Every structure is written in structure tokens, then in C-alpha cells.
Asks: 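The following block contains the structure, expressed as C-alpha cells.
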Number of protein chains: 2
Amino acid sequence: MKKAYIFSVLSAIHPITVEAWADLQELFVPQQLNRNDYLVREGSRVNSCYLLTEGVVRVFYNKEGNEYNKTFFMPGTFPTPLTALLSDTPSSLSFQALLPSQLIKFSYSEFRVLFEKHRCLESLMLGILEQLWIKKERHDIHMVTNDATTNYMIFRQTFPELEKLIPQYHIASYLGITPIQLSRIRAQLVQTR
Amino acid sequence: MKKAYIFSVLSAIHPITVEAWADLQELFVPQQLNRNDYLVREGSRVNSCYLLTEGVVRVFYNKEGNEYNKTFFMPGTFPTPLTALLSDTPSSLSFQALLPSQLIKFSYSEFRVLFEKHRCLESLMLGILEQLWIKKERHDIHMVTNDATTNYMIFRQTFPELEKLIPQYHIASYLGITPIQLSRIRAQLVQTR
DNA sequence: TATATTCCTTAACATATGTTAATGTCCTGG
DNA sequence: CCAGGACATTAACATATGTTAAGGAATATA
């Protein structure tokens with residue numbers, strides 16, 4: 001478990017005191033996932049936060065057997081069923097490792113308890129949500145205002161290398177199109193260039 | 001300015017102390033908007049939070065002259081350019097009153113300063129972001145997994161009465177379709193029933 | 001009251017994307 | 001080494017939705 005790495009990720013979002021860090025570390029549980037293993041399944045109740053240290057995780061909705069990829073998590077981000085934790089309801093989303101992955105897991109309720117003792121941890125939580133919101137809004141603007149071709153190119157910039165590591169139908173789902181359509185777009189791009 | 005109403009909205013999200021409330025009130029500036037007036041224009045720099053007390057406000061992106069409505073704000077919510085405030089960048093979004101509206105406005109930076117003195121205000125901010133995130137996620141799931149007809153019906157449930165108050169092309173834009181298509185959907189719904 | 005403006009509806013047409021299906025390649029496990 | 005499965009590509013076809021255009025109702029303005 002790369003403590004130094006985790007510390008650097010967190011304190012880049014909001015500075016944390018040595019005391020808070022000491023208490024926080026106590027909550028950490030390392031976790032390994034094989035390719036295609038689930039971190040969280042739709043409908044399950046959860047009480048854990050995750051920080052990805054290696055690999056890739058996707059989040060997706062499932063409606064009538066169809067999966068809709070919402071986003072991909074890369075190392076240094078938090079593949080965590082936030083809404084389920086915050087509202088204490090079963091998760092509407094599934095989280096699945098697309099590559100062999102390593103994470104640290106910690107209890108959300110215990111983390112929350114630490115807020116009382118360490119104000120900086122509450123500020124950290126606020127900082128995480130703020131970052132999330134900013135990213136999300138940027139992403140939304142792209143998805144709504146651009147066509148699929150443009151969004152495909154933005155995907156390649158946003159997640160460099162990822163394209164080579166996962167099947168294209170996951171990317172298509174992320175873009176809101178069929179794999180066939182993505183294939184057409186790719187063919188078009190090659191030809192145009 | 002309906003202080004009691006504002007207090008009830010805020011303290012429903014997170015309890016605030018009388019001292020914090022006293023300091024917070026000092027920041028409030030009432031504001032009136034006519035129909036079609038702008039609260040925030042795309043590209044402008046901002047330093048204000050808003051709480052809507054009466055009327056309706058829309059947020060939208062603008063790309064190459066096309067407007068894409070992101071959502072509508074109803075009384076008791078915060079038509080605030082969050083990303084612009086948090087990242088201190090020009091707003092990518094515009095906020096416009098669709099009906100004569102009343103708001104209270106307060107300085108984001110002064111609000112933030114109060115966090116030091118009143119921890120409950122930082123918790124309030126966290127609570128607001130949490131609520132926002134939960135709503136947003138639910139909305140996203142709908143938009144991605146449902147067809148436009150279903151989303152139109154969800155719109156009518158989510159914003160009762162609103163349909164009668166604003167032009168249909170704003171609803172169409174919110175649904176991600178053309179006004180013509182919305183018209184077809186409406187015709188179909190009448191016929192089916 | 002008459003006229004202009006805004007907005008909704010409908011139709012005809014164009015187009016992009018989904019669907020189904022066939023083919024080929026690569027990779028894996030027996 | 002071979003057979004099967006997973007995945008990507010391509011084509012033919014179906015379909016939903018956008019586009020353009022016209023007409024009409026409602027509302028606002030002179």
C-alpha cells in the first residue's frame with residue numbers, strides 16, 4: 001500500500017494535518033481486483049469509499065439489460081458510490097475493474113466520524129466534491145454540445161492510453177453510441193486524415 | 001426579503017447556529033429580475049451566490065448560437081455558477097430568469113471567509129454540494145437510460161406547473177430534442193390516451 | 001380594430017444512427 | 001495445433017429524429 005502516494009493525492013486536494021493523517025490511515029484496507037471483478041454491484045448497500053491506486057474501473061448504469069458507461073476511473077481518483085453513501089440507499093450504479101486493479105478502501109461512516117475531530121478532513125471532503133463537480137460539469141458540456149466524433153477525440157485526450165487497454169464497446173457506451181457507430185467514426189477519421 | 005423562508009431552506013440542509021445566521025444575513029442583497037433578464041452571462045466573471053425565492057431561472061450552455069438548457073431552478077434552490085466560483089474562471093453557463101423572479105445574492109468570497117468563524121457554514125456548503133450531486137446523478141440516469149417521451153413525463157412530474165409557464169422550446173432543449181420532435185411526442189401522447 | 005410577433009403544429013423530405021447479419025482477425029484453452 | 005469465443009469491421013436495411021417550410025392560433029402593439 002503506497003501511503004506516500006495516497007497522501008500526495010489527498011493533500012493536493014486539501015492540506016491535512018499529521019494527526020488527521022494518522023487517524024485516517026487506520027481506516028485503510030488494501031484491496032485487489034482482477035479484471036472484470038466488481039467493486040460495487042447495482043442494488044447493493046455500501047459503506048465504503050475507495051481510492052484507486054492502480055488499474056482502471058468503470059461505473060455504469062444498467063437498464064433492461066443494457067449497460068451505459070458513465071465514466072472511467074484512473075489511478076488517483078475515487079471510484080466510490082457517492083450517492084448511495086450520502087443518501088444511504090442501494091447503489092444505482094455498478095463499479096467494475098476493467099484491468100487488474102489495486103485500491104484502498106475505507107469506511108465512509110468512520111471517515112465521517114473523524115470530521116468532528118479533524119476539521120481538515122471535512123474540508124477535504126468538500127474539496128473532493130468540488131473537484132468532482134467541476135469535472136462533471138465540463139464533461140456534461142462536452143457531451144451535450146459536441147457530436148460523437150468530437151467526444152471520441154476528447155475521450156482519447158482525457159484518457160490517454162486507455163483506448164488500447166479496453167474493448168471498444170465500452171468506449172462506445174461511454175460516448176452514448178453503438179460499437180458499430182464508433183467503428184464507422186473510426187473508419188471516417190482514418191480516411192479523412 | 002423573506003428571511004424566515006431563507007433560514008428554513010438553509011437549515012433544512014444543515015443546522016446553522018444563531019451566530020452564523022446573524023453574520024450570514026449581513027451578506028444578503030435582495031435582487032429582482034424581469035422576465036428574460038440575465039443573472040449571469042456566459043464568459044463573465046462572478047463572485048456571487050444566489051438563492052431563488054420566487055420565479056424560475058434556467059441555466060444553459062451556448063455553442064455556436066445554439067442554446068442547450070441544462071436545468072431549471074425553482075424557488076428554494078441555488079441558481080449559482082458553481083464551477084466559475086470554485087475554479088475562479090469565467091462562467092461557461094448563462095443564467096436567465098424565465099419569469100419575473102426574486103433572489104437573494106451574497107458574496108461567495110465573504111461567505112467562504114465565514115467558514116473560519118462558523119464551522120456549520122462549511123458543513124452547510126458540503127450539504128448543498130451533496131444534495132446537488134444526488135439530484136444530478138438521478139437526473140443523469142434518467143436522461144441516459146430513458147427515451148425522450150419518458151423524460152418528458154418525468155419533467156412534468158419534476159417541475160409541476162412549469163410547463164404552462166414557459167415556452168415549449170425551452171423544454172425541448174432541456175430534453176435534448178427539437179421543438180418539432182417535442183410537438184410530435186405531445187401529439188402522440190394525446191392520441192395514445 | 002388591425003397588424004405584427006411569437007409560438008406551436010403539421011407535413012414532406014433528408015440524414016444520421018440503430019439493427020441485423022455476415023466476415024475476418026486475434027486470442028485463449030483444450 | 002486446432003476449435004471456439006470475443007471483438008471489430010462492413011454492408012444492407014429500417015427507423016427515428018433533424019431540417020425546411022407553411023399555416024394558424026394566441027398574444028402583444030400600433
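Quantities reported herein were computed from a predicted structural model and do not represent experimental measurements. Convention: sequence-line order gives letters A, B, ...; per-chain numbering from 1.
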Asks: Could you tell me the separation between the CG atom of B:L182 and the P atom of D:dA16, rounded to a whole number of Å?
Replies: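 Checked: the CG to P distance equals 17 Å.
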Asks: Using whole Å, what does the distance between atom P of nucleotide C:dC7 and atom CD of B:E163 come to?
Replies: 16 Å
Asks: Indicate yes or no for a side-chain donor-acceptor contact from B:N69 to the backbone of B:H170 under 3.5 Å, with no hydrogens or angles considered.
Replies: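 Yes: the side chain of B:N69 pairs with the backbone of B:H170.
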Asks: Which heavy atom of A:I141 sits nearest to which heavy atom of B:L93, and what is that distance?
Replies: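 Closest pair (atom of A:I141, atom of B:L93, distance): CD1-CD2, 4.1 Å.
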Asks: Determine whether a donor-acceptor pair (N or O, by modelled atom type, separation under 3.5 Å) exists between the side chain of A:S101 and the backbone of A:L99.
Replies: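 At least one qualifying donor-acceptor pair exists.
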Asks: By nearest heavy atom, map B:R184 and B:R35 onto DNA chain C; which one lands nearer the 5' end?
Replies: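 Result of the comparison: B:R35.
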Asks: Looking at side-chain heavy atoms only, is the closest gap between A:I166 and A:F72 below 4.5 Å?
Replies: yes
Asks: Could you tell me whether B:A187 contacts a base, only the sugar-phosphate backbone, or nothing, with contacts defined as non-hydrogen atoms closer than 4.0 Å?
Replies: sugar-phosphate
Asks: Side-chain N or O of B:R186 versus OP1/OP2 of C:dT9: is the shortest distance under 4.0 Å?
Replies: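 Checking C:dT9 against B:R186, a side-chain N or O does come within under 4.0 Å of OP1 or OP2.
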Asks: So, do B:Y174 and B:H139 have ring centers that fall under 6.0 Å from each other?
Replies: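 Under 6.0 Å, so yes.
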Asks: Let me test you: for the helix from C:dT1-D:dA30 to C:dG30-D:dC1, what is the angle between the axes at its two ends (five pairs each), rounded to 10 degrees?
Replies: 30°
Asks: What's the NZ-P distance between A:K164 and D:dA8, to the nearest Å?
Replies: 16 Å
Asks: Could you state the atom-to-atom distance from CG of A:D147 to P of C:dT15 in whole Å?
Replies: 17 Å
Asks: Could you run through nucleotides 25-30 of chain D and give me one letter per nucleotide, 5' to 3': B if any protein heavy atom sits under 4.0 Å from the base, S if only the sugar-phosphate is that close, - if neither?
Replies: ------
Asks: First locate atom CG of A:N151, then atom CD1 of A:I185, and finally report the distance between them rounded to the nearest 0.5 Å.
Replies: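 Rounded to the nearest 0.5 Å, the CG-CD1 separation comes out at 9.0 Å.
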Asks: For B:E54 and B:Y5, which I'm curious about, is there any donor-acceptor pair between the side chains at under 3.5 Å?
Replies: no
Asks: How long is the line joining OH of B:Y152 and C1' of C:dC8, in whole Å?
Replies: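 In whole Å, C:dC8 C1' and B:Y152 OH are 12 Å from each other.
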Asks: For the ring pair B:F78 and B:Y50, is the centre-to-centre distance below 6.0 Å?
Replies: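 That pair fails the under 6.0 Å test.
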Asks: Could you check which residues of residues 166-181 of chain B get a heavy atom under 4.0 Å from DNA chain D? Sort them by number, please.
Replies: B:G176, B:I177, B:T178, B:I180, B:Q181
Asks: Would you mind reading off the distance between B:I185 atom CD1 and C:dC8 atom P, rounded to a whole angstrom?
Replies: 14 Å
Asks: May I ask you to check whether B:E122 and A:S123 show a side-chain donor-acceptor distance below 3.5 Å?
Replies: yes
Asks: Suppose we call two aromatic rings close when their centres sit under 6.0 Å apart. Are A:Y38 and A:F95 close by that rule?
Replies: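 Here the rings of A:F95 and A:Y38 have centres that are no less than 6.0 Å from each other.
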Asks: Let me know the distance between CD of B:Q188 and C1' of C:dT9, rounded to the nearest Å.
Replies: 15 Å
Asks: Name the orientation class of the two ring planes belonging to A:Y61 and A:Y68 (parallel below 30°, tilted from 30 to 60°, perpendicular beyond 60°).
Replies: tilted
